[in-house]
Amino acid sequence: MAETLLEVSNLKVNFNTEAGIIKAVDDVLFTINPGETLGLVGESGSGKSVTALSLQRLIPHPPGEICGGKVLWKGRDLLKMPLQELIGIRGREIGTIFQEPLTSFNPVQPIGPQISEVLSLHTQLSPVPIREQVLEMLNRVGISDPRRSFDSYPHELSGGMRQRAMIAMALICRPELVIADEPTTALDVTIQAQILDLLFNLQTEFKMSVLLITHNLGIVAGNARKVAVMYAGKVVETAPVRELFKNPLHPYTVGLLASVPKINQQEPLIAIPGMVPDPLHLPKGCHFEPRCPKALDRCRSEYPSEKEVAPERRVKCWLY
């Protein structure tokens with residue numbers, strides 16, 4: 001197996017609120033190898049985006065706090081690295097496609113100078129070659145009039161064009177890993193497909209790894225090699241994509257797959273009963289136990305330890 005590029009182990013992130021401490025990310029573990037795509041899936045509020053922000057220490061503090069674990073980038077712990085070193089890695093070695101480009105871009109500055117700033121920070125290039133590289137990247141991501149878009153403000157671009165500009169910013173330094181946090185949110189289906197095709201074509205061309213964060217299992221099925229399923233701040237199952245879709249192990253994963261519409265489906269969709277638990281009042285045992293059709297007595301009192309059931313297949317469930 002190729003040398004691990006990113007290794008996350010026992011990551012814990014808390015938010016201190018007036019009502020109490022919220023364990024947004026609790027004991028998360030996964031790895032990403034060079035050139036591969038890992039899908040991180042789960043319902044809204046499961047901790048996916050907080051996990052992504054934590055990898056580069058972008059969680060606002062306060063109220064957020066990374067209170068445990070390791071994030072090893074090529075063997076070096078990003079959580080213990082001096083901030084100036086980490087800033088040198090952000091954007092240059094690890095690129096990020098944020099969830100909502102309209103709020104991620106500075107609204108009072110054209111997008112060209114904002115993308116140029118990434119190159120200025122990480123290279124010794126002068127302004128003229130920087131501008132040319134940005135124009136080339138805008139053209140490569142499918143923006144039809146790069147020179148006009150270079151001088152356009154974020155609000156002057158359509159949603160699809162803003163997302164392409166965000167991809168251009170994330171890839172301008174040819175990073176080894178791109179974190180794509182819900183890269184097709186709020187886009188119509190046709191534009192979603194175009195953005196995903198663009199992202200994964202560029203992944204092949206630049207030989208990048210991708211951490212794909214989404215709640216859309218169809219996107220994961222078509223683009224990822226392996227998948228980690230999150231529920232209430234924890235990764236409950238990790239597996240190669242084909243194996244997970246063929247034989248899901250955790251009852252939550254089974255419920256997610258059963259709730260996906262299928263072509264020519266005659267029967268009504270099977271919804272997961274109940275609601276996601278209140279993060280301030282999580283169940284004492286397994287967080288999924290109140291909604292689980294296979295819950296055991298042990299599930300109510302003790303959170304399950306992780307079990308490796310096969311190579312690259314891990315699950316947190318007392319059934320195994």
Side-chain angles (χ1 to χ4, degrees), residues 1-12 25-43 46-52 54-55 68-78 94 175-181 196 199-200 203-204 207-258 260 286-288 292 294 303-320:
M1 181 177 292
E3 181 181 353
T4 300
L5 188 66
L6 179 74
E7 181 178 355
V8 179
S9 58
N10 308 116
L11 181 64
K12 300 177 186 290
V25 173
D26 190 9
D27 204 25
V28 163
L29 181 152
F30 59 81
T31 61
I32 301 177
N33 295 325
E36 82 173 358
T37 299
L38 169 70
L40 188 60
V41 303
E43 294 172 85
S46 62
K48 305 184 301 297
S49 293
V50 174
T51 298
S54 302
L55 301 183
K70 294 180 179 180
V71 178
L72 299 182
W73 172 252
K74 295 187 284 190
R76 303 180 61 207
D77 192 350
L78 297 180
I94 302 176
E176 296 171 71
L177 170 68
V178 169
I179 300 172
D181 186 4
L196 290 170
L199 175 61
F200 291 107
Q203 177 190 18
T204 301
K207 297 180 172 61
M208 304 179 303
S209 301
V210 175
L211 173 58
L212 177 62
I213 298 167
T214 181
H215 59 269
N216 190 322
L217 290 168
I219 292 174
V220 170
N223 298 287
R225 190 191 77 80
K226 60 185 181 183
V227 58
V229 181
M230 287 194 74
Y231 183 79
K234 290 180 177 286
V235 172
V236 296
E237 183 170 359
T238 306
V241 166
R242 288 175 182 246
E243 294 182 26
L244 182 123
F245 276 76
K246 183 179 179 180
N247 180 32
L249 300 180
H250 197 282
Y252 175 62
T253 312
V254 174
L256 277 184
L257 293 176
V260 175
C286 175
H287 299 342
F288 188 62
C292 182
K294 297 183 178 180
Y303 196 88
S305 56
E306 187 169 73
K307 173 73 172 178
E308 185 169 2
V309 296
E312 295 192 288
R313 290 218 71 174
R314 299 190 302 273
V315 63
K316 292 180 179 177
C317 181
W318 288 125
L319 295 174
Y320 306 94

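Note that the coordinates shown come from a computational prediction; the quantities given were computed from them, not determined experimentally.
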Under the rule for side chain to side chain donor-acceptor pair (under 3.5 Å), what residues qualify as partners of [X], not counting sequence neighbours?
| X | result |
| --- | --- |
| Trp73 | Glu93 |
| Asn223 | none |
| Glu306 | Arg314 |
| Gln203 | Thr37 |

Going by the rule salt bridge (charged side-chain N to carboxylate O under 4.0 Å, His left out), which residues pair with Glu176 if we only count those two or more places apart in sequence or in a different chain? Lys74
Are [X] and [Y] side-chain neighbours, meaning at least one heavy-atom pair lies under 4.5 Å?
| X | Y | answer |
| --- | --- | --- |
| Tyr320 | Pro304 | no |
| Val41 | His215 | no |
| Val210 | Leu177 | no |
| Ile219 | Leu212 | yes |

Does the pair Cys317 and Phe288 meet the rule for a side chain to side chain contact (heavy atoms under 4.5 Å, CB included), with working shown? CA-CA 10 Å; Cys317 181; Phe288 188 62; over 6 Å; no
Taking only residues two or more places apart in sequence, or in another chain, which ones meet Ile213 in a side-chain contact (heavy atoms from CB on, under 4.5 Å)? Leu40, Lys48, Ala52, Ile179, Asp181, Leu211
What distance do Leu72 atom CG and Ser9 atom OG have between them, rounded to the nearest 0.5 Å? 6.0 Å
Rounded to the nearest 0.5 Å, what separation is found between the CG atom of Asn33 and the CG atom of Leu5? 8.0 Å
Tell me whether Thr4 contacts the main-chain N or O of Leu6 through its side chain, where contact means a donor paired with an acceptor under 3.5 Å. no
Is the backbone of Gly35 close enough, under 3.5 Å, to the side chain of Ser209 for a donor and an acceptor to pair up by distance? yes
Will you find, in the side chains of Glu43 and Tyr252, an N or O donor that is under 3.5 Å from an N or O acceptor? yes
Using only heavy-atom distances, determine whether the side chains of Ser54 and Lys12 contain a donor-acceptor pair under 3.5 Å. no
Looking only at heavy atoms, which two atoms of [X] and [Y] are closest? And how far apart?
| X | Y | answer |
| --- | --- | --- |
| Val260 | Leu256 | CG2-O, 3.4 Å |
| Lys70 | Asp77 | CG-OD2, 3.7 Å |
| Ala180 | Leu199 | CB-CD2, 4.1 Å |
| Leu319 | Pro251 | CD1-CG, 4.0 Å |

Who passes ring pair (Phe, Tyr, Trp, His ring centres under 6.0 Å) against Phe30, sequence neighbours left out? none
Leu38/Arg225 under side chain to side chain contact (heavy atoms under 4.5 Å, CB included): CA gap, chis, key distance, verdict: CA-CA 6 Å; Leu38 169 70; Arg225 190 191 77 80; over 6 Å; no
Check step by step if salt bridge (charged side-chain N to carboxylate O under 4.0 Å, His left out) holds for Lys226 and Glu36. CA-CA 8 Å; Lys226 60 185 181 183; Glu36 82 173 358; 3.1 Å; yes
Pair up each side-chain donor or acceptor in residues 231-248 with any protein partner under 3.5 Å, not counting sequence neighbours, and list the distances.
| from | atom 1 | to | atom 2 | distance (Å) |
| --- | --- | --- | --- | --- |
| Tyr231 | OH | Arg291 | NH1 | 3.2 |
| Lys234 | NZ | Asp26 | OD2 | 3.1 |
| Glu237 | OE1 | Leu249 | N | 3.4 |
| Glu237 | OE1 | His250 | N | 2.9 |
| Glu237 | OE1 | Thr253 | OG1 | 2.8 |
| Glu237 | OE2 | Leu249 | N | 3.1 |
| Glu237 | OE2 | Arg313 | NH2 | 2.6 |

Are Thr31 and Val8 close enough, and set up right, to give a side chain to side chain contact (heavy atoms under 4.5 Å, CB included), and what steps lead you there? CA-CA 6 Å; Thr31 61; Val8 179; over 6 Å; no
